[in-house]
Peer 1: 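I have a structure here, written as structure tokens, and I will follow up with some questions on it.
Note that the coordinates shown come from a computational prediction; the quantities given were computed from them, not determined experimentally. These values consider heavy atoms only, across backbone and side chains, with no hydrogens, waters or symmetry-generated copies. Position 1 is the first residue of the sequence, and the numbers go up from there.
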Amino acid sequence: MPGGPGSGPGATTGAGAKPDRPSKPPGSGSTPSAPGTPKPGGGGGTTSPPPAAKPTPPPTPAALKLSAPQRAPADKRWCEKVTVEFRNTGGTPARSGTITFATHIIGALGVDWATIRSSQPLPAPIAAGATKSQTYTVCLESWRVPMGMRVETQDVSAVWE
């Protein structure tokens with residue numbers, strides 16, 4: 001009887017009637033995915049967004065490498081011309097700083113009598129990846145270097161910002 005009780009989509013009457021509930025209890029098997037939902041592992045026709053560009057890392061701080069001091073005589077026995085090369089291997093400029101000289105007082109027989117430290121400003125700024133060379137006149141007090149003695153600047157170090 002059309003339109004009567006039990007009639008509707010999927011309803012049948014008679015010996016081959018199907019129950020209104022599914023034959024498996026809920027949660028006991030795989031459930032079909034909804035239409036238009038991509039299936040795991042399958043193409044599904046959807047595209048993923050392009051990968052985001054990697055942000056550039058912040059630049060590394062300035063890192064100065066100093067050459068060995070190149071010495072030359074000056075016009076006074078207690079002075080010396082010292083050339084140093086500064087290489088900035090960091091990612092930012094060295095904006096300021098000081099270089100420290102370790103100047104040895106050497107006697108006539110080669111005895112190292114004393115080491116005097118003195119400082120001067122760096123030739124700043126030194127750009128990232130750049131190399132600068134600077135010649136300094138390093139002098140000690142004249143009374144520290146008696147006749148027959150000489151000065152030798154053997155070591156240099158630097159601090160910078």
Peer 1: Do any pairs count as a ring pair (Phe, Tyr, Trp, His ring centres under 6.0 Å) and have a residue in residues 116-152, sequence neighbours left out, and if so which ones?
Peer 2: Phe101-Tyr136
Peer 1: Can you give me the closest heavy-atom contact between Ile106 and Trp113, atom names plus distance?
Peer 2: C-CD1, 4.3 Å
Peer 1: Is atom CZ of Arg71 surrounded by more than 12 heavy atoms (other residues, nucleotides or ligands) closer than 6.0 Å?
Peer 2: yes
Peer 1: Look up atom OG1 in Thr103 and atom CZ in Arg144, then write down how far apart they are to the nearest 0.5 Å.
Peer 2: 11.0 Å
Peer 1: Check Cys79 against Thr137 and note the closest heavy-atom contact, atom names and distance.
Peer 2: CB-CG2, 4.5 Å
Peer 1: Taking everything shown except Arg95 itself, do over 12 heavy atoms lie less than 6.0 Å from its CZ?
Peer 2: no
Peer 1: Spell out, as yes or no, whether a donor-acceptor pair under 3.5 Å connects the side chain of Thr60 to the backbone of Gly91.
Peer 2: yes
Peer 1: I'd like to know if the side chain of Lys132 reaches the main chain of Ala127, judged simply by a donor and an acceptor atom lying under 3.5 Å from each other, with no hydrogens or angles considered.
Peer 2: no
Peer 1: Return the CD to CD1 distance between Glu152 and Ile105, rounded to the nearest 0.5 Å.
Peer 2: 11.5 Å
Peer 1: State, with a plain yes or no, whether a side-chain heavy atom of Asp155 is found less than 4.5 Å away from one of Thr115.
Peer 2: no
Peer 1: Taking Val138 as the starting point, is it possible to reach Ile116 by hopping between hydrophobic residues whose side chains are less than 4.5 Å apart?
Peer 2: no
Peer 1: Below 4.5 Å, heavy atoms only, C-beta onward: do Leu122 and Leu64 meet side chain to side chain?
Peer 2: yes
Peer 1: Kindly give the heavy-atom pair with the smallest separation between Ser119 and Thr100, and that separation in Å.
Peer 2: OG-OG1, 3.1 Å
Peer 1: Which value, rounded to the nearest 0.5 Å, describes the distance between Leu140 atom CG and Lys76 atom NZ?
Peer 2: 12.5 Å
Peer 1: Between the main-chain N or O of Thr135 and the side-chain N or O of Gln70, is there a donor-acceptor pair closer than 3.5 Å?
Peer 2: no
Peer 1: Can you name the closest pair of heavy atoms from Ala63 and Trp160 and give their distance?
Peer 2: CA-CZ2, 3.9 Å
Peer 1: More than 12 heavy atoms of other residues, nucleotides or ligands under 6.0 Å from CD of Glu85: is that the case?
Peer 2: yes
Peer 1: What heavy-atom pair brings Pro69 and Val82 nearest, and what distance separates the two atoms?
Peer 2: CB-CG1, 3.6 Å
Peer 1: How many angstroms lie between atom NZ of Lys81 and atom SG of Cys139, to the nearest 0.5 angstrom?
Peer 2: 8.5 Å
Peer 1: Checking the side chain of Glu80 only, and the main-chain atoms of Thr153 only, is there a donor and an acceptor separated by less than 3.5 Å?
Peer 2: yes
Peer 1: Which pair of heavy atoms, one from Asn88 and one from Ala62, lies closest together, and at what distance?
Peer 2: OD1-CA, 3.7 Å
